[in-house]
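Below is one structure, written out as structure tokens, with a few remarks after it.
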There are 2 protein chains.
Amino acid sequence: MDRLLDAGARAFADKGFHATTTRDIASRAGLSPAGVYVHFASKEALLHALSLAGHEAALDLVSRALTEPPTPTLRLTRLMSDFAAWHAEHHEVARVVQYEFPHLSPGHYAEVVALRRELHAKVQAVVEDGVTGGEFVVDDVRETVLALLSLCIDVARWYSPRGRLTASDIGSRYASLGLRLLGADRRVPGS
Amino acid sequence: MDRLLDAGARAFADKGFHATTTRDIASRAGLSPAGVYVHFASKEALLHALSLAGHEAALDLVSRALTEPPTPTLRLTRLMSDFAAWHAEHHEVARVVQYEFPHLSPGHYAEVVALRRELHAKVQAVVEDGVTGGEFVVDDVRETVLALLSLCIDVARWYSPRGRLTASDIGSRYASLGLRLLGADRRVPGS
DNA sequence: GTCTATAAATCGATAGAC
DNA sequence: GTCTATCGATTTATAGAC
């Protein structure tokens, strides 16, 4: 079960949902071609289980980052750091979460889209807090939220474990970039 | 031929390379199921033609943006504006360029990766110019270049023609966000 | 629960008429 | 150059033994 989820994540991340055969997944999990259907009714059901678990993990991470630190600046710093690092550290699941979920069945797709909207809304609320309190200075809140999440999400596209940067490196870099997008670092002008 | 390229771009952008059938492409182009093979030897050959044309268009756009304006700040402003808007305006081709090219055959893949490296190098050179001349203040040039391009590329993922923003809106927003990432707007501190 | 074997459907690509 | 018809291979999923 866990073995199949892991095999599915690696296969889908590597080749995409439709290019992955059930034989490939079974093989990665050390099972026979029919082994997938013992635990999942279909290939789509496996994608659904992966997408749901991945989105819930991401939403948990984001919720904690946005509530535990005491100020909007510290909350967004933590968000960018943890969310960017998550896309690197769990880049297989992250790729499924960000790029394969459109291949879900219509019902499962709608379910996942609701989780994604929830995540956006949580981030937007904290950015609005920061703007209201004067910690952030932005042209447009929605565009800024989109850009912040865009940066983190795109990590799943370009990240390679054989690259120059660790997940933790990426986290601290992206926290700094996020503060720039938020206009939260104006107290330390460069040059 | 042009009809097939257009049909292929829309189909691949909509459902991905492997989920697209040659019958689907032919149907979108108004041809019979065998119609694809009159102009292309295989489905992969069509993806190759699309990827190549798309990457060359992107590289042209970027090259002009990075040479026509007179200063690094104006060059990067133009780059972010045009490149982000391109990913919205041509989001079908852009999706193929950014997300489907890994499904090319190894030889064609290598050809496209070379074009992508060329694009990165051009951007990095201008950012380095701006840092040397004192127009930009960044922690790390490579990370900043990656983030700038990340922002533009991710537009192809989330953009919808039925959305709130036009391609031109996105261009001007992203130009402003890019200057923040570059530390190029420190002369106008907020609050 | 895992296997082997295979059914049923679909897909990429080709043959050959016009 | 476009069509109809179809081949051959592959894929998802199931049947049934162990």
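Proteins come first, then strands; the chains are lettered A, B, ... in the order of their sequence lines, and each starts at number 1.
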*Tell me the salt bridge (charged side-chain N to carboxylate O under 4.0 Å, His left out) pairs involving residues 61-73 of chain B, sequence neighbours left out?*
B:Glu68-B:Arg78
_Those residues that, when tested against A:Ser168, pass side-chain contact (heavy atoms from CB on, under 4.5 Å) (two or more places apart)_ = A:Thr166
*Restricting to pairs with a member in residues 157-184 of chain A, which pass salt bridge (charged side-chain N to carboxylate O under 4.0 Å, His left out), not counting sequence neighbours?*
A:Asp154-A:Arg157, A:Arg164-B:Glu143, A:Arg173-B:Asp140
_Sorted by number, the residues of residues 39-54 of chain B with heavy-atom contact under 4.0 Å to DNA chain C_ = B:Ser42, B:Lys43
*asked:* Can a donor-acceptor pair be found, under 3.5 Å and without considering hydrogens, that links the side chain of A:Ser81 to the backbone of A:Thr77?
replied: no
*A:Thr20 backbone acceptor or donor facing A:Lys43 side chain under 3.5 Å*: yes
*Reckon A:Ser32 touches a base, only the sugar-phosphate, or nothing at all at heavy-atom distances under 4.0 Å?*
base
*A:Asp24 CG - D:dA13 P separation (whole Å)*: 15 Å
*asked:* Checking the side chain of A:Gln98 only, and the main-chain atoms of A:Ile153 only, is there a donor and an acceptor separated by less than 3.5 Å?
replied: no
*asked:* I'd like the 5' and 3' limits of the part of DNA chain C contacted by chain B, with heavy-atom contacts below 4.0 Å.
replied: C:dC11 to C:dT14
*Please examine the side chains of A:Leu182 and A:Thr73, heavy atoms only from C-beta on, and report whether any two atoms are closer than 4.5 Å.*
no
*Listed by chain and number, what are the side-chain contact (heavy atoms from CB on, under 4.5 Å) partners of B:Leu119, not counting sequence neighbours?*
B:Ala58, B:Leu59, B:Val62, B:Phe83, B:Val123, B:Leu149
